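Report on the following structure.
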Amino acid sequence: MSAYQDSRAHYLYEAVICGSVRAAAEKLGIVPSAVSRQITLLEESLGVALLERHRSGVVPTQAGQLILDYYRQHIAHRHDMLAKMDALRGLHSGSISVVSGEGFAQELIDGPIRQFRQQHPGVSIALEIYGTNEIMRRVREDEAEIGLVYYPPADSHITARGSASQPMQAIIHPQHPLAGASQTSLQELTQWPIALLQGVYGIRQLVEAAEQADRIRLSPALTSNLISVLISFVSTGQGLTLLPRCAVVAELAQGRVKAIPVSNPAFEHAQMQLVTRTGRHLSPAANRFLQYCVQGMQAFQAQINA
């Protein structure tokens, strides 16, 4: 046990998170044999197998899971220590890691990030864009301090630091036949070409829940993993899409699109949330940035003023 090295546990962690040794190597920018070698050395030092290899990838053994749990705790403690160091330095330096859905990125940049950077230019912000499941995983496993997510699944390891109602709506061109409607339905939307988000996104999962509730199956004319593509589909008059208003704040303000409520229980109760890992001590900079998000994003302000 004296030969155990935390650095080797990192390779085991990446192999399990990425699903395979090859995927971990691609992420780390090294050859697969180097990852395998480090995991083998770790197994030899402990005298136990840590990975089981299957056709679909790798999974940890019971011993491997113990190492992964220890490694995650080690990383969490390191984050806590760095947060305390940031507290000693004040807000003159440091960094904040944020993960967000694509639909929030523009408003984050226009609002909270711009305002925070004006007041604290020495603090850097890393903003990465992912789907819902990956946002939750990165926050849960301390790869990011703050997550901004739409329609998140329940997770006891995640705490919502702010939430706001964001019903899914039909996003249409200003000259669309529905432009004067006060609301619409999934059934009515089947009359026109529709573009839908694909992949592991809260938006997509919510659309599927609404389809089940109304017993309707939408047949998209276009699918994409980018919200910007869906918006372009609408703004060029090719059809409509389904998105929350927070995803089209700029386009609504510019008059490029209109948002029409859709009568569906699943859509009406959807939320966006600012999340952190339960029990994590955020750095002073991250705590301050949370405040900027709550105070600087329209959806959270509308909730406070409601």
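The structure presented is a predicted model; accordingly, all values stated were derived computationally and were not measured.
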Would you indicate whether the side-chain heavy atoms of [Y] and [X] approach each other to under 4.5 Å?
X      : Y      : answer
Val294 : Leu290 : no
Glu145 : Ile96  : yes
Gln198 : Ser224 : no
Ile231 : Thr241 : no
Leu51  : Val59  : no
Glu188 : Leu178 : yes
Val48  : Glu43  : no
Thr184 : Pro261 : no

Under the criterion salt bridge (Lys or Arg N to Asp or Glu O under 4.0 Å), which of Arg280, Arg72, Arg277 is the partner of Glu141? Arg72

Gln118 atom CD, neighbour heavy-atom count above 12 within 6.0 Å: yes

Using a cut-off of 6.0 Å, state whether more than 12 heavy atoms not belonging to Gln254 lie near its atom CD. yes

Hey, what do you get for [atom1] ([X]) to [atom2] ([Y]), rounding to the nearest 0.5 Å?
X      : Y      : atom1 : atom2 : value
Leu243 : Leu206 : CG    : CG    : 11.0 Å
Ile171 : Ile260 : CD1   : CD1   : 8.5 Å
Ser100 : Glu107 : OG    : CD    : 10.0 Å
Arg161 : Cys293 : CZ    : SG    : 11.5 Å
Glu268 : Gln183 : CD    : CD    : 8.0 Å
Ile216 : Leu189 : CD1   : CG    : 8.5 Å

Would you call Arg204 and Glu208 a salt bridge, using N to O less than 4.0 angstrom?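 Yes, Arg204 and Glu208 are salt-bridged.
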
Checking Thr159 against Thr276: is there a side-chain donor and acceptor pair closer than 3.5 Å? no

Mind checking whether [X] and [Y] sit in one hydrophobic cluster, side chains of I, L, V, M, F, W, Y counted as touching below 4.5 Å?
X      : Y      : result
Leu41  : Leu50  : no
Met168 : Leu197 : yes
Val275 : Ile129 : no
Val257 : Ile203 : yes
Val99  : Ile158 : yes

For side-chain contact (heavy atoms from CB on, under 4.5 Å), just list the numbers for Gln106 and Val249, CA-CA rounded to whole Å, side-chain angles, deciding distance to a tenth of an Å, and then say yes or no. CA-CA 8 Å; Gln106 190 61 53; Val249 171; over 6 Å; no

For [Y], is there any backbone N or O sitting under 3.5 Å from a side-chain donor or acceptor partner on [X]?
X      : Y      : value
Arg117 : Val123 : yes
Arg37  : Ser33  : no
Lys258 : Pro174 : no

Pairs touching residues 158-205 that satisfy ring-ring contact (aromatic ring centres under 6.0 Å, His included), sequence neighbours left out: His176-Trp192

Keeping to residues at least two apart or across chains, list the ring-ring contact (aromatic ring centres under 6.0 Å, His included) pairs with something in residues 130-160. none

Candidate pair Asn133 and Ile135, rule side-chain contact (heavy atoms from CB on, under 4.5 Å), full reasoning: CA-CA 5 Å; Asn133 294 351; Ile135 291 171; over 6 Å; no

CA sep, side-chain torsions, deciding dist, call: Thr236, Gln238, side chain to side chain donor-acceptor pair (under 3.5 Å): CA-CA 6 Å; Thr236 54; Gln238 298 183 57; 3.0 Å; yes

Identify the two heavy atoms, one from [X] and one from [Y], that lie closest to each other, and give their separation to 0.1 Å.
X      : Y      : result
Phe233 : Ala221 : CZ-CB, 4.4 Å
Phe104 : Cys246 : CE2-SG, 3.4 Å
Pro152 : Gln271 : CD-O, 4.0 Å
Gly103 : Ile227 : N-CD1, 3.5 Å
Phe267 : Ala210 : CE2-CB, 3.3 Å
Ala9   : Ile67  : CB-CG2, 4.0 Å

Could you go step by step and tell me if Arg138 and Glu134 meet the salt bridge (charged side-chain N to carboxylate O under 4.0 Å, His left out) rule? CA-CA 6 Å; Arg138 285 178 175 266; Glu134 183 66 6; 2.8 Å; yes

Anything under 30° is parallel, anything over 60° is perpendicular, the rest tilted; go ahead and classify His74 against Tyr71. tilted

Return the orientation label for the Phe116 and Tyr292 ring planes: parallel under 30°, perpendicular over 60°, tilted otherwise. perpendicular

Asn287/Gln291 under side chain to side chain donor-acceptor pair (under 3.5 Å): CA gap, chis, key distance, verdict: CA-CA 7 Å; Asn287 269 318; Gln291 296 173 13; over 6 Å; no

Side chain to side chain donor-acceptor pair (under 3.5 Å) assessment of Asp69 paired with Gln73: CA-CA 6 Å; Asp69 291 343; Gln73 292 174 7; over 6 Å; no

List the steps and the verdict of side-chain contact (heavy atoms from CB on, under 4.5 Å) for Ser165 and Met272. CA-CA 7 Å; Ser165 175; Met272 60 181 283; over 6 Å; no

Passes side-chain contact (heavy atoms from CB on, under 4.5 Å), Met297 versus Leu148? Steps please. CA-CA 11 Å; Met297 299 187 74; Leu148 188 56; 3.6 Å; yes

